[in-house]
Amino acid sequence: MEKLIEQGKIRGWGLCNDNAYGLTACTRTAKMLGTTPPCSMQGDFSLIDRKSEENGVAEAASPYNENVGFMSYNALAGGMLTGKYLDTPAALDDFSNRDRAMESLRSPRGRM
């Protein structure tokens with residue numbers, strides 16, 4: 001990667017789907033070797049799937065730690081958050097049928 005940066009072919013490089021330990025280890029190793037550390041981290045993140053926040057990646061990527069930008073993919077949870085796959089309204093929007101709304105709350109849809 002360092003060679004590509006020196007040649008001007010890329011400005012930076014990043015990681016995808018790693019955890020906080022992997023991000024920190026990769027950044028520290030690159031700095032110890034005198035090469036350019038990663039500048040970005042890409043991970044699965046949405047209102048349904050918040051593992052990147054829960055497992056410490058957001059904190060590790062912060063300017064106070066490794067100073068790596070975080071980019072999410074699948075931000076709309078594969079369409080689940082758009083309502084694309086819903087035959088019935090979301091539980092909080094289902095005013096017409098309270099029993100159906102309560103059942104929806106007991107067994108949520110999407111990747112959890």
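All values derive from a computational prediction rather than experimental measurement. Residues take their numbers from the sequence shown, with the count starting at 1. Computation of the quantities below employed the complete heavy-atom set of this structure, encompassing side-chain atoms and omitting hydrogens, waters and symmetry-equivalent molecules.
Within the structure, salt bridge (Lys or Arg N to Asp or Glu O under 4.0 Å) pairs that include any residue of residues 67-79 do not occur (at least two apart or interchain). Residue pairs meeting the salt bridge (Lys or Arg N to Asp or Glu O under 4.0 Å) criterion with at least one member in residues 11-22: none, sequence neighbours excluded.
Met71 CE to Cys16 SG: the interatomic distance, rounded to the nearest 0.5 Å, is 8.0 Å. In this structure, CG on Asn74 lies 10.5 Å from CD on Gln42, to the nearest 0.5 angstrom. Here the CG-CG distance, from Asn19 to Asn55, works out to 6.5 Å after rounding to the nearest 0.5 Å. Atom SG of Cys26 and atom OH of Tyr21 lie 11.5 Å apart (nearest 0.5 Å).
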Name each donor-acceptor pair under 3.5 Å that joins a side chain in residues 57-69 to protein atoms two or more places apart or in another chain, with its distance.
{"residue": "Ser62", "atom": "OG", "partner": "Glu59", "partner atom": "O", "Å": "2.8"}
{"residue": "Ser62", "atom": "OG", "partner": "Asn65", "partner atom": "ND2", "Å": "3.3"}
{"residue": "Asn65", "atom": "ND2", "partner": "Glu59", "partner atom": "O", "Å": "2.7"}
{"residue": "Glu66", "atom": "OE2", "partner": "Arg28", "partner atom": "NE", "Å": "3.2"}
{"residue": "Glu66", "atom": "OE2", "partner": "Arg28", "partner atom": "NH2", "Å": "2.9"}

Side chains of residues 31-40: which donor-acceptor partners sit under 3.5 Å, not counting sequence neighbours?
{"residue": "Thr35", "atom": "OG1", "partner": "Ala30", "partner atom": "O", "Å": "3.1"}
{"residue": "Thr36", "atom": "OG1", "partner": "Glu2", "partner atom": "OE1", "Å": "2.8"}

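Following chains of ILVMFWY side-chain contacts shorter than 4.5 Å, one cannot reach Phe45 starting from Ile48, and the two form parts of different hydrophobic clusters.
For Leu47, the side-chain contact (heavy atoms from CB on, under 4.5 Å) partners at least two apart in sequence or on another chain are Arg50, Leu81. In terms of the side-chain contact (heavy atoms from CB on, under 4.5 Å) criterion, residue partners of Lys9 (sequence neighbours excluded) are, by chain and number, Leu4, Gln7. In this structure, the side-chain contact (heavy atoms from CB on, under 4.5 Å) partners of Asn17, at least two apart in sequence or on a different chain, are Tyr73.
Here Glu103 pairs with Arg106 in a salt bridge; the nearest charged N to carboxylate O distance falls below 4.0 Å.
With Ser46 contributing its side chain and Asp49 its backbone, the two residues share a donor-acceptor pair below 3.5 Å.
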